[in-house]
Student: 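Here it is: the structure, laid out below.
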Amino acid sequence: MTEELLVRFRRLCAVHQDRVFTYARYLLGNAEDAEDVTQEVLVRLWDRGRDLAPEGLPAWLTRVTRNACLDLLRQRRHRPLPGIDPEAVERLEDPAPGPGERTEAMELRRHLQAGLQRLPEVQRSIVVLREVEGLAYEEIARALELPLNTVKVYLHRGRAHLRRELERMREDEPC
Amino acid sequence: MNPVEPNPRCAWTLARLEAYLDGEAQAEELGELEAHLGDCAACARQLALARVVRQSLRELPRLACPERVAEAAVVRLRRRRTAAWQPRWPGWLTGWRLSVWQPAAAVALVLLVALAVDRRDREPEPTAAEVARAERQARFALAYVGQVGRSTGRTVRDQVIRTWVVEPLTRGARTGLKPRSL
């Protein structure tokens, strides 16, 4: 790999790696697997990059990332998903609020992340792409090759499921 | 606290709650939804929970990918034997693996070599007698051309130049007349 190609590849990574990693991280539930998937996606991006039209690249990246995550999940079918990484939750916490609020926010995020992992994969994908990544419905539909209305239905079902999780969490809280 | 028991009105409202929150409730249902949410504390609480969930999801951070991931990808690309940039083959070609094209190319090369050797074998080498005859013919042709050339030169000298140039000039010199123009 020449020096020039190396520079080009690093630039490509800098543009896309965070988005790919974020999606994989929330989809898979742990950082190590997300790193493996991200590496795989970056290599495929390098191989296919020249064949892709720029406007089609985000949808392609999402699709490839999802497929790589699904492959990993299939391989691990006999192994249960790891639990939520407490250190990861610590890193996600908002540093600004006071101790009480920080605890509540942490708990809320912990439950949300746990709830996300319990969603069916397609609902989880859509919730992450829509609410965390901020993609439009049309972009999600294109990336996941689903009808637009199906995307909306799955998003609403996923959030309704998380709402019920949050309600259970609050019911379990000591008065 | 028990979860909301789905009486028909509440069940209808809860089924539309997320769409309502996103501003995507159907126009003809909007009035009824808002009326029920104003009247039913349980459904109103569900709406508040839905808002918290949506807001909390949107506050989940976008994560920074560790640098080691790109570095690992670089190592992997460097280990490849083929060039990082693949030539742009059309899709129907890239569907075939190299394992098909390599033997096909080898067979084509062997066929070409075999054809070339076969053509060479069909054209026999000329015999010594044929070579000698070709030389005689070449010498005859050259001699003939030379003879024709000499004959032509004599003809041009005697019948053209002498008649039309030399003699008129000579006569003119004796009589003081200009030679006729040709």
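Side chains are part of it too, since the values below use all heavy atoms of this structure and drop only hydrogens, waters and symmetry mates. Naming convention: chains lettered A, B, ... in sequence-line order (proteins, then strands); numbering from 1 in each chain. Quick caveat: nothing in here was measured; it's all calculated off a predicted structure.
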Student: Chain B heavy atoms under 4.5 Å from A/Glu165: which part of the residue, side chain, backbone, both or neither?
Tutor: neither
Student: Among A/Lys152, A/Arg159, A/Arg130, which one satisfies side-chain hydrogen bond (donor to acceptor under 3.5 Å, both in side chains) with B/Asp22?
Tutor: A/Arg159
Student: Of the listed residues (B/Glu24, B/Glu71, B/Glu18), which shares the most heavy-atom pairs with chain A below a 4.5 Å separation?
Tutor: B/Glu18
Student: Using 4.0 Å as the upper bound for N to carboxylate O, is an ion pair formed by A/Glu167 and A/Arg164?
Tutor: no
Student: Using the salt bridge (Lys or Arg N to Asp or Glu O under 4.0 Å) definition, which of the options B/Arg54, B/Arg58, B/Arg62 pairs with A/Glu131?
Tutor: B/Arg58
Student: When you measure from the side chain of A/Gln117 to the backbone N and O of A/Tyr26, does any donor-acceptor pair fall under 3.5 Å?
Tutor: yes
Student: So, the side chain of A/Arg142 versus the backbone of A/Ala59: is there a donor-acceptor pair under 3.5 Å, distance only?
Tutor: no
Student: Is it true that a side-chain atom of A/Gln75 and a backbone atom of A/Leu72 form a donor plus acceptor pair closer than 3.5 Å?
Tutor: no
Student: Could you look at A/Val20 and say if it's the side chain, the backbone, both or neither that has a heavy atom under 4.5 Å from chain B?
Tutor: neither
Student: Return the option, out of A/Leu166, A/Thr22, A/Leu12, with the maximum number of heavy-atom pairs under 4.5 Å with chain B.
Tutor: A/Thr22
Student: Please state whether the side chain, the backbone, both or neither of A/Leu108 comes within less than 4.5 Å of a heavy atom of chain B.
Tutor: side chain
Student: Side chain, backbone, both or neither: which part of B/Arg76 has an atom under 4.5 Å from a heavy atom of chain A?
Tutor: side chain
Student: Non-hydrogen atoms of chain A under 4.5 Å away: do they reach the side chain of B/Gln55, the backbone, both or neither?
Tutor: neither
